[in-house]
Amino acid sequence: MKSPATRVKLRTDIGPGGVVYLVIAGLILAASYYTQAPLLFWAFGLMIGGVLVSMVLSWQMLRKIEVQRLMPSHGVVGQMTVLRYRLVNRGMFPVFGMMVSETWGKGFRGWRRFGPMYDDPARLKGRPHGWVMHLGPHQTAQAEAPCWPCHRGHMRFERIMLSTSFPFGVLRRVMVVDQINTVLVYPRLYRMDRGMVNRLSTIDPLGRKRLEKGGGNEEFFGLRPYREGDSMKLIDWKQTAKRSNLVTREMTQPCPPRVMLAVDMRFLWDGSEEPASVTTGLRKPSRKEKKIRQKQLETKHEQAELVISLASSVICDAYLRGFQIGLLVLGVPSAVFPMHHSLPHRMRMLESLSMLDVTQRRDDIPGLTEEPTVMVRPGADNMHARPMIIGTDHLLATKPALIEPGQLLQRQPKVASRREELGETA
Amino acid sequence: MSLIFLFRKLVTIQVLLGVGAFCMAERNPGLLLVAGSLGLLAWHVVEGPSGKPLKQWMITLGVLASVIWLVFDLYYQRGQVMLAMGHFVLWLQVLMLYGRKSNREYAQILVLSLLLMIAGSMLSDSMLFGVMLVIYCIFALFTVLIFQLKTTSDMVLDKNKTAAPKGTLVIRPKAVVTRGHRWHFRITATGVGLICATIGAVVFLLMPRSDRLRQNSALTSQINQQVGFSDEIRLGGPPPATGSREAILSMSIRRNHQVDTGGSTWLVRGAVLDQYSAKDTTWYRHSMVKSADRSIEMAPGIAANFSEFFTQPSDEATAPNTNANADDTSQASDEIDQTTSSRRDAGSIHASITLRAGQNESTPLFTLYPTTHLTSTHIKFATINPWDQRLMTDPEGNRALVYDIIAARTIHTAPSERVLWPDASLPEDADEQNTPKVQANADTLANSPYASSRRSGQRRARFGDAKNMLTLTYARDWPVQPERVRRLARSVIEPLGLTRQIDELSTPDDLEIVQALADFLREEFSYDLTNPPSPKSTDPVIQFLFNDRRGHCELFASGLAAMLRTIGLPTRLVTGYYGSEYNAIGGYYVIRQSHAHAWCEVRLTDADGQMYWQPIDATPPAAVNAEHSVGTGWFAAMRSLYEHAEFAWLRSVVSYDQQTRDQMITDVRTRVAKAQDDPESWYGPILDWLKKLPDMWRYDRISGSIAAVISLGIVLGMASLIRILIVRRRRLTALQLTHMPGTDRRRLIKQLRFYLIMLDKLDRHGYVRPSWQTPFGFAEELANDNPFRFDPVIALTEQFYEIRFGHRPLDGPRLQRIKAHLQQLDNNLLGRDGVKK
């Protein structure tokens, strides 16, 4: 989503490097006046020249820069999402050491405690930052700024901030461009335990793997009279001879595993009613009651997020294994997705789960064309337990074994960490 | 080369440059050797192939040792705070080179290095240090620019690490660069450096200086200590230090408006010593003479006239005459003849002197005798003494004094005497006119002073009775075995038919007597710098005259003074320099510390009864000339060139002070005003031409346009040619074709251009081939990293090898394939066609 208009603002400020620079310049000035050493006067002139050059360069550098944010299709909680920026230098001078970052809020500097870092819950732990070492005149470059979303849902980017303190770090020139984009962040995706996934794959409503319906080319299903267009190979010549009519063998069709996933969010409303005295307005809830209720709510929301993440993980895993999968959410408003296997179908389900509002209640059960085969809900024994996947035949009640994405990343080759330690860039 | 590696290298070079410059400023080669070696070793220890930083506790231990060193320094070099702090900063830097360094440590190292250079600038003004400072600034410019890029990259990395979930591996952001980044960086850095240097020069010229005493003499007295010249002579100790070969003074001479082109010798006068103490065998300046020092305020660029100080002191002569109207030296020299009519001047000597001043409060102004006019923009107060005509000044922190003098040509010596002002160009009648006429009638001590004073109407007692006595006895006393010395003197002059009584003020034969005694010393005594010390019971002069008969210039001067004083001739010792070395590049005489010399001044009386002091040098000239001999060859020429640059540096940079600044600004304003008002000035035609340019342009537009187009075409053509040559050279270097024959080179540079294009495309995405890596090695490394993405690189590299080494032609099909590979590489690098990055 691209913003309708952009608004550019420029400012110059002095960073810590500038303060150090000015202190040293003052020191040289004092030394030159105290000693009248001619070389120190020249050195002080150099420092003054450095300040003037910094002013001119920083004023000139970002004047003719155009920037456009290139959004990714989606993000995933806990996984790196890369924001890309297309930068064009329309000016005559090259730009060096340019930092690209995001900012939010109103006013030139933005409201400091504003933006995805300060949402409840926080959607980002920190701002994304990118770096462009050099952007020549009349040239285009693409910068990348990674970010790690913390929460599912829409994440909004409002302003792009370009800054450079080249050449001496004395003055920092900042340009802010208003450009609003949003990206949808999927729930956290876990890697499913392979054994459990295999068990899921055996399930279908009748415990069969193949659809008992003719028209396929798997195994023998039955006989039927010949129809025009039937393959000659399928004609059962023996029966034809017996019946003196052409008889065709009908083969069964393959039946991919099918999963109708039900996400049970009704636990959010279990025991959520206020005491009667409170609901009837006889008294106000006490402080302790409020605190307990708030804690319960937070715990439930955490559980809900885990449940949503598990459901999303199941959807993704099932898609990768070729399952047809449908989705039904109980307890909160959401669309019902019939079983199907396609990438857009998977994306729609994930988007639905990403935008699930756990504060809205829905008591009715949506109309179903097919019975749910797998249900995802929090652990029943303990509110802090991991969510469970329960088959409708009650044979699958188990705590899923999950592999954290972080654990996967830790198994990266050591070469990368060595490079990181060395800090090599180019 | 990676940015980080380049930065580390630059920081180390910068630190070593700072250390070297500071040690040079301090003139401490030992420290340079130790600290420089340790600094170089740090690169091997920390940045070498198997290098790693030292443990933190070792660095801490080193810092503790530096603190102890600092305390030791402060204790033993009392008052040398800057030196001690400089040493401390130096060791801190060297230690930090051995430690683990983050950006903070690098910034600290850079700041410490800068502080060290500031300390060095306070210690030294030499040109060599200035050159090192410029080199340091160039390196510092590149270091700071790259440090800026590095810190930005590190800041982005840190912020991304903060934003990432715990345990997530965050890699350093890739350096996004576009085409020509190296060229742009060099151009930007060069432009920034030039602008900064220009602004620095403008600030240097226009920034007001302080009038207060600026220099901490305790700080630099040790560093700038000059040996050689001394304002007192101690004869009892070891031989005087000869001093180094360092040039401390340059003196360009003009006589009769003609520049002296060398071949002469000059006695450059510094201190005058008129009393000998037998107790400590030392020549020093009489305290009553000291008390007669007169301070004269000088105006910048206006000559101060000292002519009247060169007659015997009188009431009229005590007030100095500062000639406020004579701002031109030629005018001043004209006045000499009027003010010193009794001296029979036939001309004057103009000398421009650049003196490397010490940091003492009072510095002798080295001049020729007798200096009658002094002009300088740096000297605000000059001190002159009417008795010994010694000129001194307070340099007020200036480490270089530039001044012009006019010395009256009054003294002509006999042929056998050491020549003071050799002048082959003088007309003979002038020589005759300049020959002092020795007074025919000898005056006795009883009637001479007052009688001659009455005659001339000028000489009268000025300082009361005690000072009248001083007038009569000034420079006449010899306290050690006077009879024996007198006998020796008479034994020299009497065989020549000359005689002199001690109580005579002057005789017609005085000049001959002086010559005879000087010749006696030159011929019978030998010059030796390594004279043995005299026994404690024996005075060194007596030992020299009667036993050793050999010694250095101070003993020769003392011996002559002793003999002359014992026969009644007032004589004083002068210390200064003996100048004979001529720098042909600069057109001036160079005086070194090792040219320190001592000679005598004898008071004589001319035909008009005017007394004057005649310089005379009794040291054998051949020995002195041999000692001051100048080498020949390219080394001597280089040395002359260096010294010329050094003196130009002293004149233009070191001596630049508030007065010079004010003078420069006034000159510029005056010239601009003159140029505006006066069409006769050389600016006038230029300004007129500029004013008429629009009219000329209007009437002659076509020819002007043609000329402009042709000029522009020539400039563009030249620029294009230079650019083509530069690009061609770069391509040759990149393809390593520099050693090939010309025809092959031309063919291959065209055919292999596709490989450079490929490198350029990769370069833009941050994949740079190191110079040490072969093309195939580079392609293989990329392919191992991402085979799908860099498959075209392998194919293009194969094409490169086939053409470069397999002598395959670049025919149509091959060209098509290469273009296809390049297009594919473009797509892959941009992430098109589903190729995973």
Side-chain angles (χ1 to χ4, degrees), chain A residues 20 24 27-28 31 33-46 48-50 52-53 57 78 94 96-97 99 124-136 139-144 146-148 165-169 406 409-410 412 416-417 419-420 422-426, chain B residues 2-4 107 111 114 118 121-122 125 129-130 133 137 144-145 148-149 151-153 155-156 159-160 162-165 167-169 171-181 184-185 188 192 195-204 207 209-210 214-216 397 653-654 656-657 766 768:
Chain A
V20 172
I24 291 175
L27 187 67
I28 293 178
Y33 255 89
Y34 177 67
T35 64
Q36 293 290 299
L39 291 176
L40 285 180
F41 283 98
W42 183 71
F44 178 69
L46 278 187
I48 296 293
L52 294 178
V53 166
L57 274 184
F96 289 97
M99 196 160 67
L124 278 178
K125 205 174 160 193
R127 296 177 183 183
H129 283 81
W131 181 54
V132 177
M133 184 175 160
H134 167 258
L135 181 57
Q139 293 189 25
T140 304
Q142 200 176 85
E144 294 180 349
C147 63
W148 288 263
S165 50
F166 194 83
F168 299 120
L409 287 175
Q410 284 173 2
Q412 291 287 330
S417 61
R419 279 185 185 164
E420 168 61 24
L422 289 173
E424 303 289 347
T425 56
Chain B
S2 80
L3 192 70
I4 312 295
V111 171
L114 195 59
I118 293 173
S121 301
M122 292 163 73
D125 289 331
F129 182 81
L133 182 65
C137 288
V144 171
L145 292 184
Q148 177 59 30
L149 295 178
T151 47
T152 313
S153 165
M155 191 189 301
V156 170
K159 288 186 181 295
N160 286 340
T162 311
T168 307
L169 178 68
I171 60 169
R172 181 177 287 276
K174 196 172 66 181
V176 178
V177 293
T178 51
R179 190 174 185 180
H181 61 282
H184 286 155
F185 183 79
T188 307
V192 166
I195 293 170
C196 287
T198 308
I199 294 172
V202 171
V203 169
F204 172 80
M207 195 166 169
R209 266 63 167 176
S210 170
R214 285 84 61 166
Q215 192 67 37
N216 183 356
V653 176
V654 178
Y656 193 84
D657 59 1
V768 182

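Each chain gets a letter, A, B and so on, in the order the sequences are listed, and its residues count up from 1. Atom set for the values below is all heavy atoms of this structure, side chains included, hydrogens, waters and symmetry mates excluded. If you're wondering where the values come from, they're calculated on a predicted model, not measured in any experiment.
- Using a 4.5 Å cut-off between heavy atoms, A:P94 touches chain B through its side chain atoms alone.
- With a threshold of 4.5 angstrom between heavy atoms, A:L135 approaches chain B through its backbone and through its side chain.
- Listed here is the closest heavy atom pair of B:V176 and A:A141: CG1-CB, 3.8 Å.
- Residues satisfying the side chain to side chain donor-acceptor pair (under 3.5 Å) criterion with B:T178, sequence neighbours excluded, are A:H134, A:Q139.
- In this structure, OG1 on B:T188 lies 7.5 Å from CG on A:L57, to the nearest 0.5 angstrom.
- Separating the CG atom in B:D657 from the CD atom in A:Q36 is a distance of 8.5 Å, to the nearest 0.5 Å.
- For the set B:A164, B:P165, B:S121, the entry with the most heavy-atom pairs within less than 4.5 Å of chain A is B:A164.
- Residues meeting the side chain to side chain contact (heavy atoms under 4.5 Å, CB included) test with B:V653, sequence neighbours left out: A:P38, B:F204, B:W649.
- The line from OG1 of B:T198 to CG of A:L46 is 9.5 Å long, rounded to the nearest 0.5 Å.
- With a 6.0 Å radius and a threshold of 12 heavy atoms from other residues, nucleotides or ligands, A:K125 has its NZ atom above the threshold.
- The distance from atom CG of A:L52 to atom CD1 of B:I199, rounded to the nearest 0.5 Å, is 4.5 Å.
- Taking CH2 of A:W42 as the start and CE of B:M207 as the end, the distance is 15.0 Å to the nearest 0.5 Å.
- In this structure a side-chain-to-backbone donor-acceptor pair under 3.5 Å is missing from B:D125 to A:A37.
- Using a 4.5 Å cut-off between heavy atoms, B:T162 contacts chain A through its backbone alone, with no side-chain atom that close.
- For chain B, the option among A:I28, A:V132, A:L40 with the highest count of heavy-atom pairs below 4.5 Å is A:L40.
- Using a 4.5 Å cut-off between heavy atoms, B:L145 touches chain A through backbone and side chain atoms alike.
- Side-chain contact between B:Q148 and A:S165: present, with at least one pair of heavy atoms (C-beta onward) separated by less than 4.5 Å.
- Considering all non-hydrogen atoms of both residues, A:G49 and B:C196 come closest at C-SG, 3.6 Å.
- Between chain A and the options B:N160, B:T151, B:V203, heavy-atom pairs under 4.5 Å are most frequent for B:N160.
- Atom-to-atom distance recorded for B:R172:CZ and A:W131:CH2 is 7.5 Å, nearest 0.5 angstrom.
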